[in-house]
Amino acid sequence: MTFKLAVGGIEHETNTFRLQDAKSSDFDVVRGDALILKHEGVRSYLGGMLDAAASLGATVVPTLHADDEPSGIIDADAYAQMVDDLLLHIKRALPLDAVALALHGAGVAHGVSNIEVDICEKVRQLVGPEVKIVITLDLHGNLNPRLSELVDAAFGTRYHPHTDMFERGQDAVNIIPRLLDGSVIPELYIEKIPFLLAPVTTMYGVAAAVNDLCRQFEKDDDIVSCTFFHGFPYVDNSDSGASVLVVANGNAEKAGGAAKQIARLVWDSRETIGAQSFSPEAAVEIALSSGDWPVAVLDGADNPGGGCPGDGTYLLRAMLEADLREACYAAVCDPAVVRQSHEAGVGKTIQITLGGKTDEMHGAPIEANAYVKALTDGRFIRMSAEEKGRSMNVGPTVRLQVGGTEVIVVSERHQVYDPEIFLMHGIDVSRFKIVGIKSTNKWRDGFASIIKRDYLADSPGLMSQDLTRYDYKQIRRPLWPLDKETRY
């Protein structure tokens, strides 16, 4: 079956506790053929959609795709402009058989508490009830049940790190012929769980066991897809929290039953599913006691991949005060120190005031003497499975030696996914003992063959594991763990 398909989307993970809004200039927006050039051959949602469409012989109309590093609430005008632009491209592509959208699930704009619902409502109104709408979502989406009424199928990433973005994009397009010929009559069910879950990996532990149960349900021919959404707890609105999404073929009862059983396992495991964390000082101390190197210490509370400023200093300060040797750290976002280093040049020793410039929450600036060891333009290709092949640009960078620790400083916020940010500065992390990483879980795939153990350092920050640090005003209550009396 041949069909005509429009592809596009708007992806944003919003941290509503971040004070700085996401503006138009923060988004990477591509339109038309530029969308294909950016994503074809890349392990992204759109890369998977394009791959599946080519295999099926579909006629693809690229529309608009916009994404930004996770950040604050999207500026109202910026959001409206992107949505209007997306709708205009889809309108020009009509008539269509289907629309495939890469979305996130935790996007918030000023005046729009759930941009995914808003986008799908507007697209549905534009294309009408007969055109099939399929979407991809991030595992950290805060789902609203209204979404199940607007789309024909939805596929969320199963893993954290999100190594299956490409496959979920393929799923979204591969189901379209069956939607069109009526062999799949979709029944979507979203079960909300009164539970805020701080970021946790699915590579082991309870989250892996929940995924195993999802895969068991998918062995039923009537179950198309089953996904546990962890949610993104740093969004203060009524949709925040974990959920389960099941897509069934013509059987609403099975969809609801599967979703409720999986949700029950999550709820019953709420005390044990979370990640273990330590103070920065304790994390460094424990890492030093390891005899199997290298060991990672993780700066999760200042993870740029969740909207943090990336210039937090708690963990790096603990590493420097421990007077480590054979240690490295990536990456602090501090364009002023980068400029100072580039002006001084390689081989110079400079006095720096590093980090702690965005706010007081993430730690005070570090005063230190630093030796300028390497300078780069900040351009590299991501090599981990999540969006492998994506071109990255973190602006000019510098490798500084501060005491016995090699510190990479970047001009743009960057969550570390793989060793490439180290390698481009001449650092082979396998030769180091302690590796400081500004990330929580997305580094795990890229470093899987290198890092022997890891310890999550928690501190004040926009992505702390301690959710009681945040002044929630709009979430639905009661909600565990904020309200211990919560029942499900």
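- Counting all heavy atoms, side chain and backbone alike, Val206 lies closest to Ser269 at CG1-CB, 3.4 Å.
- Between Asn114 and the choices Asp239, Asn237, Asn142, the side-chain hydrogen bond (donor to acceptor under 3.5 Å, both in side chains) rule is met once, by Asp239.
- Using a 30° and 60° split on the angle between ring planes, Phe232 and Tyr234 fall in the perpendicular class, above 60°.
- Ion pair Asp28/Lys38 flagged as a salt bridge, since at least one NZ, NE, NH1 or NH2 atom sits closer than 4.0 Å to an Asp/Glu carboxylate oxygen.
- Side chains of Asp138 and His162 form a contact here, defined as non-hydrogen atoms less than 4.5 Å apart.
- Side-chain rings of Phe17 and Tyr470 approach one another, their centers coming within less than 6.0 Å.
- No salt bridge links Lys442 with Glu387; every basic N to acidic carboxylate O contact stays at or beyond 4.0 Å.
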### Task
Could you walk me through whether Glu191 and Tyr488 pass side-chain contact (heavy atoms from CB on, under 4.5 Å), step by step?
CA-CA 11 Å; Glu191 177 73 5; Tyr488 172 68; 2.7 Å; yes
### Task
Could you go through the side-chain contact (heavy atoms from CB on, under 4.5 Å) check for Val244 and Cys214 one step at a time?
CA-CA 10 Å; Val244 179; Cys214 290; 5.6 Å; no
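- Phe380 CZ to Met392 CE: the interatomic distance, rounded to the nearest 0.5 Å, is 5.0 Å.
- Side-chain atoms of Asp51 and Gln170 include a donor-acceptor pair closer than 3.5 Å.
- Asn303 and Thr440 are linked by a side-chain donor-acceptor pair at a separation below 3.5 angstrom, with hydrogens and angles left out of the test.
- Arg444 has a carboxylate O that lies under 4.0 Å from a charged side-chain N of Asp454, or vice versa, which qualifies the two as a salt bridge.
- Smallest separation of non-hydrogen atoms from Pro419 and Phe447: N-CZ, 3.6 Å.
- A salt bridge between Arg158 and Glu167 is absent, with no side-chain N of the basic residue lying under 4.0 Å from a carboxylate O of the acidic one.
- Atom CD of Glu40 is surrounded by 12 or fewer heavy atoms from other residues, nucleotides or ligands within 6.0 Å.
- Residues Val338 and Thr397 fail the side-chain proximity criterion, which asks for heavy atoms closer than 4.5 Å.
- Between Asp302 and Lys438 there is a salt bridge, with a side-chain nitrogen of the basic residue lying less than 4.0 Å from a carboxylate oxygen of the acidic one.
- For Arg413 and Glu69, the salt-bridge test fails: no basic side-chain N is under 4.0 Å from an acidic carboxylate O.
- Looking at His160 and Thr202, their side chains never bring a donor and an acceptor atom within 3.5 Å of each other.
- Under the 6.0 Å distance and 45° angle rule, Arg382 counts as a cation-pi partner of Tyr417.
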### Query
Can you list the steps and then say if Lys91 with Asp84 is a salt bridge (charged side-chain N to carboxylate O under 4.0 Å, His left out)?
CA-CA 10 Å; Lys91 183 177 181 179; Asp84 288 348; over 6 Å; no
### Task
May I have the step-by-step check of ring pair (Phe, Tyr, Trp, His ring centres under 6.0 Å) for His140 and His104, ending in yes or no?
CA-CA 8 Å; His140 293 112; His104 184 280; 7.3 Å; no
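- Ser24 is listed as a side-chain neighbour of Gln81, based on a closest heavy-atom distance under 4.5 Å.
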### Message
Working note: Leu50 + Val60, criterion side-chain contact (heavy atoms from CB on, under 4.5 Å); need CA distance, chi angles, decisive distance, verdict.
### Response
CA-CA 8 Å; Leu50 294 171; Val60 174; 4.0 Å; yes
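- With salt bridges taken as basic N to acidic carboxylate O contacts below 4.0 Å, one links Arg168 and Asp171.
- Between Lys473 and Asp236 there is no salt bridge, since none of the side-chain N atoms of the basic residue sits less than 4.0 Å from a carboxylate O of the acidic one.
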### Message
Under the criterion salt bridge (charged side-chain N to carboxylate O under 4.0 Å, His left out), I'd like the reasoning laid out for Asp26 against Arg18: C-alpha separation, chi angles, the key distance, then a yes or no.
### Response
CA-CA 14 Å; Asp26 296 323; Arg18 180 177 170 88; over 6 Å; no
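- Salt bridge Glu121/Arg146: present, at least one basic N to carboxylate O contact under 4.0 Å.
- A distance-only check finds no donor-acceptor pair linking the side chain of Asp212 to the backbone of Arg215 [under 3.5 Å].
- Ser71 OG to Asp21 CG: the interatomic distance, rounded to the nearest 0.5 Å, is 9.0 Å.
- A salt bridge links Arg477 with Asp483: the distance from a Lys NZ or Arg NE/NH1/NH2 to an Asp or Glu carboxylate oxygen falls below 4.0 Å.
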